[in-house]
There are 2 protein chains.
Amino acid sequence: MTETKKDNTEEKILNAAQNVFIKKGMDGARMQEIADEAGINKALLHYYFRTKEKLFDAIFKKVFSKILPNLMDMVYSDLPIEKKLGIFVESYIDLLMKNPFLPTFVLKEMNRNPEFLAKIIKGTGIQPDKIFAMFKKEMEAGRIRKMDPRDLLVNILGLSIFPIAARPLMTIMFFENDKEAYKTFIERRKKTITEFILHSILIK
Amino acid sequence: MTETKKDNTEEKILNAAQNVFIKKGMDGARMQEIADEAGINKALLHYYFRTKEKLFDAIFKKVFSKILPNLMDMVYSDLPIEKKLGIFVESYIDLLMKNPFLPTFVLKEMNRNPEFLAKIIKGTGIQPDKIFAMFKKEMEAGRIRKMDPRDLLVNILGLSIFPIAARPLMTIMFFENDKEAYKTFIERRKKTITEFILHSILIK
DNA sequence: GTCTATATGGCGATAGAC
DNA sequence: GTCTATCGCCATATAGAC
């Protein structure tokens with residue numbers, strides 16, 4: 001029973017902390033606000049995670065593991081590259097739209113502690129080399145044109161992530177503050193991103 | 001003489017504040033640190049800019065006007081689209097590499113005050129409509145394939161900005177922390193971004 | 001494990017002399 | 001216009017009862 005209580009509280013804290021940290025960042029977040037959102041008090045927060053820093057690190061790790069997801073699925077599936085890319089982009093945009101503050105949060109806090117970031121990356125199980133190898137194979141088979149595979153990966157990520165991170169700017173500049181119009185636009189991008197990339201790399 | 005003094009101090013403050021705010025953001029920045037970097041004391045800071053908020057707004061406005069630069073040059077020049085794009089990407093990457101914290105700073109603080117952001121955008125003289133019209137003209141002339149011009153603009157910006165904003169991630173993931181290798185990579189991207197886009201949009 | 005109360009330090013901002 | 005000194009608040013963190 002005590003165990004259960006503990007697990008419940010810890011989970012509540014983690015959820016609350018994630019909400020607050022993602023919106024406000026490490027510096028902007030307040031332990032009081034996290035406590036409120038978790039329905040407990042500050043003292044208990046410090047009982048579970050001794051410092052704000054430790055709590056933040058736990059959240060960053062959790063969140064970061066989300067932002068570079070099924071990237072490896074793209075590698076191990078044996079679908080044709082067009083399908084792989086389509087599925088990845090679509091599910092990735094879905095994920096980002098459900099967590100629209102996530103990209104900015106990660107970009108924002110990325111500079112804070114590079115060593116910690118490096119450690120997390122190892123832990124995600126993502127192996128860039130495998131992704132690059134997959135791209136290279138496609139190039140050597142003559143299905144896509146030759147280019148630096150790192151460029152290709154960065155392009156896929158940039159085309160997907162940037163429009164979500166720059167949401168406020170885009171909503172104002174392109175859609176006169178119409179948030180639904182922005183959403184529709186991103187929804188359509190699920191397809192147009194893939195088209196844009198394939199037009200660029202496919203050898204007909 | 002007093003005037004000169006004032007101008008000097010104000011300029012020193014603005015420079016210092018820009019450095020600190022860009023690296024630490026609104027929440028992370030400290031008035032004390034800005035004062036130190038400007039070689040003055042806190043009180044004087046408040047004498048020039050009454051509050052931290054006002055100082056920040058001044059800096060954000062200044063910095064934001066940098067990040068969406070010569071975008072309009074791309075429109076008014078009558079070079080062929082290939083050249084326009086090449087020149088824009090190259091000069092834009094140059095700008096970002098000289099101010100590598102700038103993209104994250106803008107993305108980070110973009111959510112803080114959307115109305116203020118909207119006001120600044122008006123002030124930059126950037127008219128998305130003109131850019132879109134230019135793209136549409138190229139499409140109707142059959143030089144580039146038909147697509148949503150907003151997609152095209154976002155793609156250009158995302159491909160250019162994302163790799164700079166995600167620098168720590170990329171340096172670790174792709175270059176085993178070799179910062180020079182990262183720089184070389186970005187340097188090469190000046191050309192590969194344009195190639196990537198042109199391959200996608202040009203009608204041969 | 002969870003709470004109330006409090007210590008401790010830091011930060012934005014102001015008062016007031018020069 | 002520039003400085004020193006200080007106020008007042010708020011945030012992290014701890015002490016100690018239950």
Side-chain angles (χ1 to χ4, degrees), chain A residues 1-63 105 108-109 111-113 116, chain B residues 1-63 105 108-109 111-113 116:
Chain A
M1 183 56 189
T2 299
E3 287 271 331
T4 313
K5 252 189 190 170
K6 185 189 167 187
D7 289 354
N8 268 335
T9 306
E10 187 160 341
E11 206 171 319
K12 275 192 290 181
I13 291 176
L14 287 171
N15 282 334
Q18 177 168 333
N19 289 338
V20 176
F21 275 133
I22 283 187
K23 276 186 207 138
K24 309 270 178 89
M26 167 65 177
D27 294 327
R30 294 291 161 249
M31 294 297 265
Q32 183 62 59
E33 192 180 349
I34 296 175
D36 291 346
E37 185 142 340
I40 56 168
N41 57 41
K42 278 188 297 177
L44 201 51
L45 223 54
H46 281 92
Y47 173 81
Y48 278 87
F49 300 82
R50 279 210 6 260
T51 66
K52 184 185 181 185
E53 179 99 11
K54 285 188 205 299
L55 178 55
F56 178 85
D57 283 356
I59 298 298
F60 186 80
K61 189 173 174 177
K62 187 180 161 204
V63 161
F105 170 74
K108 176 160 60 178
E109 306 297 348
N111 289 282
R112 232 179 43 92
N113 193 344
F116 183 62
Chain B
M1 185 55 191
T2 299
E3 287 272 329
T4 312
K5 252 190 188 169
K6 185 191 167 187
D7 290 353
N8 268 334
T9 305
E10 187 161 341
E11 206 171 320
K12 274 193 290 182
I13 291 177
L14 287 171
N15 282 333
Q18 176 167 335
N19 288 338
V20 176
F21 275 132
I22 283 187
K23 275 185 208 139
K24 307 270 177 88
M26 168 65 178
D27 294 328
R30 295 292 160 247
M31 294 298 266
Q32 184 61 61
E33 191 180 350
I34 296 175
D36 290 347
E37 184 141 341
I40 57 168
N41 57 41
K42 276 192 297 177
L44 200 52
L45 221 55
H46 282 92
Y47 174 81
Y48 277 86
F49 299 84
R50 279 205 11 255
T51 66
K52 186 185 182 185
E53 180 98 9
K54 285 186 203 301
L55 178 55
F56 177 84
D57 282 356
I59 298 299
F60 186 80
K61 190 172 174 179
K62 187 179 160 204
V63 160
F105 170 74
K108 175 161 60 179
E109 306 297 347
N111 289 283
R112 233 180 42 93
N113 192 343
F116 183 63

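Predicted, not measured: the structure shown is a model, and the values here were computed from it. By convention in this document, chain letters (A, B, ...) are assigned in the order of the sequence lines, proteins followed by strands, and residues within each chain are numbered from 1.
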Phosphate OP1/OP2 of [N] contacted by [X] side-chain N/O (<4.0 Å):
{"X": "A:H46", "N": "D:dA13", "result": "yes"}
{"X": "B:Y48", "N": "D:dG1", "result": "yes"}
{"X": "B:R30", "N": "C:dG12", "result": "yes"}
{"X": "B:T9", "N": "D:dG1", "result": "no"}
{"X": "A:N41", "N": "C:dT2", "result": "no"}

| query | Could you state the interatomic distance from CG (B:D27) to NZ (A:K108), rounded to the nearest 0.5 Å? | reply | 7.5 Å
| Counting any heavy atom closer than 4.0 Å, what does B:A29 reach on the DNA or RNA strands: base, sugar-phosphate only, or nothing? | sugar-phosphate
Interatomic distance, [X] [atom1] vs [N] [atom2] [rounded to whole Å]:
{"X": "B:L44", "N": "C:dG16", "atom1": "CG", "atom2": "P", "result": "19 Å"}
{"X": "B:Y47", "N": "D:dG1", "atom1": "OH", "atom2": "C1'", "result": "5 Å"}
{"X": "A:I13", "N": "C:dT2", "atom1": "CD1", "atom2": "C1'", "result": "11 Å"}
{"X": "A:R50", "N": "C:dG1", "atom1": "CZ", "atom2": "C1'", "result": "18 Å"}
{"X": "A:Q32", "N": "C:dA5", "atom1": "CD", "atom2": "C1'", "result": "13 Å"}
{"X": "A:K54", "N": "D:dA13", "atom1": "NZ", "atom2": "P", "result": "10 Å"}
{"X": "A:E33", "N": "D:dT12", "atom1": "CD", "atom2": "C1'", "result": "15 Å"}
{"X": "B:D36", "N": "C:dG12", "atom1": "CG", "atom2": "P", "result": "12 Å"}

| field | More than 12 heavy atoms of other groups within 6.0 Å of B:K54 NZ | value | no
| field | Proximal nucleotide (of D:dG1, D:dA13, D:dT4) relative to the B:A43 side chain | value | D:dT4
| task | When you get a sec, tell me which of D:dA15, C:dG12, C:dT14 is the closest nucleotide to the side chain of B:M31? | result | C:dG12
| query | When you match B:G39 and B:K42 each to their closest nucleotide on DNA chain D, which lands nearer the 5' end? | reply |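 By nearest-heavy-atom nucleotide position, the 5'-most residue is B:G39.
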| B:R30 and B:K24, any side-chain heavy atoms less than 4.5 Å apart | no
| field | Test of ring centre spacing under 6.0 Å for B:F21 and B:F56 | value |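 Yes: the rings meet the under 6.0 Å criterion.
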| Between B:Q32 and B:D36: side-chain donor-acceptor atoms closer than 3.5 Å |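 Their side chains do contain a donor-acceptor pair, which is all the 3.5 Å distance test asks for.
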